[in-house]
Asker: 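Below is the structure I would like to discuss, written out as structure tokens.
These numbers come from a predicted model, not from an experiment. Chain naming here is simple, since letters A, B, ... match the order of the sequence lines and numbering starts at 1 in each.
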There are 2 protein chains.
Amino acid sequence: MKDLLEDRDAWSMDNCSIARTLEIVGNRTSLLIMREAFFGTRRFDDFAKRVGIGEPAAATRLKELTAAGLLERVPYQEPGQRTRYAYQLTDKGRDFRAVIVALRQWGDTWAADEQGPPVVVRHENCGAEVHAVLRCDEGHDVPVGDSFVDAGPGLVRVGPDSS
Amino acid sequence: MKDLLEDRDAWSMDNCSIARTLEIVGNRTSLLIMREAFFGTRRFDDFAKRVGIGEPAAATRLKELTAAGLLERVPYQEPGQRTRYAYQLTDKGRDFRAVIVALRQWGDTWAADEQGPPVVVRHENCGAEVHAVLRCDEGHDVPVGDSFVDAGPGLVRVGPDSS
DNA sequence: AAGCTGACTTCTTAATTCATAAGTCAGCTA
DNA sequence: TAGCTGACTTATGAATTAAGAAGTCAGCTT
């Protein structure tokens, strides 16, 4: 574990998945819009109202998220109404679910008030609450502290800087 | 599933765990600092350099994260050096691990380049890669789409607005 | 053809966030 | 006790992000 970490300055973070992800959703409102999308919100006005942001901000975020492929703009038509567009999760967006669940779970544990969380996510089949857990590919649960960071195939090593 | 969601406007989000969490870490640099903390970074200058931000920004973020209780400022002393302070994860901060793992995992899947991810997290005991998965309290894995949002104990319902 | 409504866009202004550069400060070493 | 160095703080200015109000636009209904 120590080996890699002590050499931390030798890696380049140009290829960091976290940084890339955050370039897409690295601000409060994008994440809140994703929350709403998971809660089932689809319409422009509802996003703005429920997230609590102005329309210009909602339009910008929705556009970014659509361009990034997490949401898609799909036409829908209510009876007697003209065709309108809704924003719904794509597979790419749905796969973001673990992040939202992990965020909510952390907040429930460390930043909730006495009344408890306002919403819970349940398993469709059995009704039990859903949590984000860490598990290794061998099927073991991985408690905090029982993991280490290792070099991946895309790690770019850079020479020690001369400073 | 539909029942609650269609009534979405009837909930108040004042008690939203996600919104509260994002008030603490809802910006790109805070999340990147948390990433570094998990990678083992502890010193001020290293945070600034590795996250790629200026010192004022690093000082502000580190102070926020410390005030929020995710990091703590602990004294350390290298031989022949004076006492200095390092920032290290608290239990509250360590528990944030699932969010960072989920973020990295999403980025590895949807935003990585051909070379693959630069780093992987492995299980200390068996060396297998660690992933964030969703699981219900009955022990079932919960695939995308097999969950629904339900009212929690802290849900505040508000009257339908007159608009 | 006019009205209506949801879905935006535009404009202006305020607030926040950031980088860069230049200090400041503490305390161990020489 | 002067220097050195890591850990910050201060100052300034640029860039980004936001709200609020108002305007535009499309197309179904009347």
Asker: Between the two ends of the helix from C:dA1-D:dT30 to C:dA30-D:dT1, what is the bend in degrees, rounded to 10 degrees, where each end axis spans five pairs?
Answerer: 10°

Asker: Supply the atom-to-atom distance A:Leu70 CG to A:Met34 CE, rounded to the nearest 0.5 angstrom.
Answerer: 4.5 Å

Asker: Once each nucleotide of nucleotides 5-11 of chain D is scored for protein heavy atoms under 4.0 Å, what B/S/- sequence comes out, 5' to 3'?
Answerer: -BSBBBB

Asker: Taking 4.0 angstrom as the limit, do B:Arg50 and B:Asp45 come out as a salt bridge?
Answerer: no

Asker: How close or far is atom P of D:dA18 from atom CZ of A:Phe47, stated in whole angstroms?
Answerer: 16 Å

Asker: Within this structure, what is the CD1-to-P distance between A:Ile33 and C:dC8, rounded to whole angstrom?
Answerer: 12 Å

Asker: Could you tell me which residues satisfy side-chain contact (heavy atoms from CB on, under 4.5 Å) with B:Thr90, sequence neighbours excluded, listed by chain and number?
Answerer: B:Glu72, B:Lys92

Asker: D:dA18 P sits how many Å from A:Leu32 CG, rounded?
Answerer: 11 Å

Asker: DNA chain D: A:Ala58 or A:Gln77, which has the more 5' nearest nucleotide?
Answerer: A:Ala58

Asker: List the residues meeting side-chain contact (heavy atoms from CB on, under 4.5 Å) with A:Arg43, not counting sequence neighbours, and say none if there are none.
Answerer: A:Asp46, A:Tyr76, A:Glu78

Asker: What nucleic acid atoms does B:Arg28 come within less than 4.0 Å of, heavy atoms only: base, sugar-phosphate, or nothing?
Answerer: nothing

Asker: How close or far is atom P of C:dT9 from atom CD1 of A:Ile53, stated in whole angstroms?
Answerer: 13 Å

Asker: Separation of A:Leu65 atom CG from C:dC8 atom P, in whole Å?
Answerer: 14 Å

Asker: Do any side-chain nitrogens or oxygens of B:Thr29 fall under 4.0 Å of OP1 or OP2 in C:dC18?
Answerer: yes

Asker: Is it true that A:Asp141 and B:Arg135 make a salt bridge, defined as a side-chain N closer than 4.0 Å to a carboxylate O?
Answerer: yes

Asker: Run the side-chain contact (heavy atoms from CB on, under 4.5 Å) test against A:Tyr85 and tell me which residues pass, sequence neighbours left out.
Answerer: A:Arg73, A:Pro75

Asker: Who passes salt bridge (charged side-chain N to carboxylate O under 4.0 Å, His left out) against A:Arg97, sequence neighbours left out?
Answerer: none

Asker: In plain terms, say whether B:Arg61 and B:Glu64 are close enough for a salt bridge, that is, a side-chain N and a carboxylate O under 4.0 Å apart.
Answerer: yes

Asker: Name the residue from A:Val156, A:Ile18, A:Leu155 that meets the side chain to side chain contact (heavy atoms under 4.5 Å, CB included) definition with B:Pro118.
Answerer: A:Leu155

